[in-house]
K.L.:
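For reference, the structure I am asking about is given below.
Here the structure is a predicted model, which means the values were calculated and not measured. Residue indices begin at 1 and follow the sequence shown. As a basis for the values below, the full set of heavy atoms in this structure was taken, side chains included, without hydrogen atoms, waters or symmetry mates.
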Amino acid sequence: MPFGAPSFTEGLRWGAEIYHALKSVLKARGYATLAGDEGGYAPALKANNEAVEVILEAIEKPGYKAGEQAAIALDPAASELYDEETKTYNLRKEGKRLTGEQMVAFWKNWVE
């Protein structure tokens with residue numbers, strides 16, 4: 001999310017640069033860079049927080065500052081993680097089941 005761009009046009013350019021940088025970051029880590037139905041990459045990362053790490057690296061690769069010029073906007077599709085029977089969120093990659101409060105704390109940790 002290029003919130004520091006001076007115009008929509010510049011923000012779009014920044015986003016494209018970050019997107020292409022992400023491809024090179026993923027390739028360097030040995031991940032597949034095939035694009036999914038919505039145009040995004042869907043590599044089989046080792047853990048959920050690795051997604052944040054590779055995006056932060058992609059923001060910095062073309063020279064932008066994370067938190068100053070660009071940020072990560074999450075759409076985690078939490079309903080897909082939710083298990084109605086146990087009333088928990090199943091984080092398969094981490095092997096954890098979290099309550100709603102724990103899920104908020106999990107994401108808060110990412111922000112910090």
Side-chain angles (χ1 to χ4, degrees):
M1 190 170 78
F3 68 85
S7 67
F8 176 81
T9 304
E10 280 297 294
L12 184 60
R13 183 176 64 80
W14 290 12
E17 289 175 353
I18 293 166
Y19 176 80
H20 291 289
L22 178 59
K23 183 174 186 173
S24 68
V25 169
L26 291 170
K27 275 188 172 184
R29 291 184 179 214
Y31 290 117
T33 55
L34 300 173
D37 292 342
E38 295 173 345
Y41 302 113
L45 300 173
K46 296 175 189 89
N48 290 307
N49 66 324
E50 190 178 11
V52 174
E53 292 169 7
V54 296
I55 294 170
L56 288 173
E57 188 175 335
I59 289 170
E60 293 175 2
K61 192 171 179 93
Y64 301 111
K65 300 221 182 304
E68 291 179 25
Q69 295 170 299
I72 298 173
L74 293 178
D75 179 5
S79 61
E80 297 294 319
L81 305 173
Y82 192 69
D83 182 343
E84 183 66 40
E85 190 174 302
T86 63
K87 307 283 189 222
T88 59
Y89 294 88
N90 186 4
L91 302 181
R92 291 173 205 77
K93 294 275 184 187
E94 284 82 5
K96 296 179 182 177
R97 288 186 174 271
L98 304 177
T99 65
E101 293 79 17
Q102 290 170 322
M103 199 71 206
V104 170
F106 179 79
W107 286 325
K108 184 177 183 236
N109 186 51
W110 281 3
V111 171
E112 291 169 350

K.L.:
Decide salt bridge (Lys or Arg N to Asp or Glu O under 4.0 Å) for Lys108 and Glu112; before the verdict, give the C-alpha distance in whole Å, the side-chain angles of both, and the deciding distance to 0.1 Å.
P.N.:
CA-CA 6 Å; Lys108 184 177 183 236; Glu112 291 169 350; 3.2 Å; yes
K.L.:
Are Lys61 and Glu57 ion-paired here, with the side-chain N under 4.0 Å from a carboxylate O?
P.N.:
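Answer for the salt bridge query: no.
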K.L.:
How far does CG of Asn49 sit from CD of Glu94, to the nearest 0.5 angstrom?
P.N.:
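One finds 6.5 Å between CG of Asn49 and CD of Glu94.
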K.L.:
Please check if Val25 and Tyr19 belong to a single hydrophobic cluster, counting links between Ile, Leu, Val, Met, Phe, Trp and Tyr side chain heavy atoms closer than 4.5 Å.
P.N.:
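Yes: a chain of side-chain contacts under 4.5 Å links Val25 to Tyr19.
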K.L.:
Take a 6.0 Å sphere around NZ of Lys96 and say whether it holds more than 12 heavy atoms from other residues, nucleotides or ligands.
P.N.:
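Open: at most 12 neighbouring heavy atoms sit under 6.0 Å from NZ of Lys96.
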K.L.:
Can you check whether Trp110 reaches Leu74 side chain to side chain, under 4.5 Å on heavy atoms?
P.N.:
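A side-chain contact under 4.5 Å exists here.
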K.L.:
Which word best sums up how the rings of Trp14 and Tyr64 line up, parallel for under 30°, tilted for 30 to 60°, or perpendicular for over 60°?
P.N.:
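Rings of Trp14 and Tyr64: tilted, as their planes differ by 30° to 60°.
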K.L.:
Verify whether one side chain among Glu10 and Ser7 offers a donor that lies under 3.5 Å from an acceptor in the other.
P.N.:
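No donor-acceptor contact under 3.5 Å links the two side chains.
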K.L.:
Less than 4.5 Å apart, side chain to side chain, heavy atoms only: is that true for Leu91 and Met103?
P.N.:
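Yes. Closest side-chain heavy atoms under 4.5 Å.
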K.L.:
Within the distance-only criterion (no hydrogens, no angle test), does the side chain of Lys23 pair as donor or acceptor with the backbone N or O of Thr33 below 3.5 angstrom?
P.N.:
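A pair under 3.5 Å: no.
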K.L.:
Distance from Glu17 atom CD to Ile59 atom CD1, nearest 0.5 Å?
P.N.:
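Glu17 atom CD to Ile59 atom CD1 measures 12.5 Å (nearest 0.5 Å).
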K.L.:
Locate the shortest heavy-atom distance separating Gly11 from Pro2; write the atom from each residue and the value.
P.N.:
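That closest heavy-atom pairing would be O-CG, 3.2 Å.
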K.L.:
For a quick test of reading the model, state the closest non-hydrogen atom pair linking Gln69 to Gly63 and the distance between them.
P.N.:
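Of all heavy-atom pairs spanning Gln69 and Gly63, the closest is OE1-O, 4.0 Å.
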K.L.:
Going through the distances and angles, do Glu50 and Arg29 end up as a salt bridge (Lys or Arg N to Asp or Glu O under 4.0 Å)?
P.N.:
CA-CA 11 Å; Glu50 190 178 11; Arg29 291 184 179 214; 3.2 Å; yes
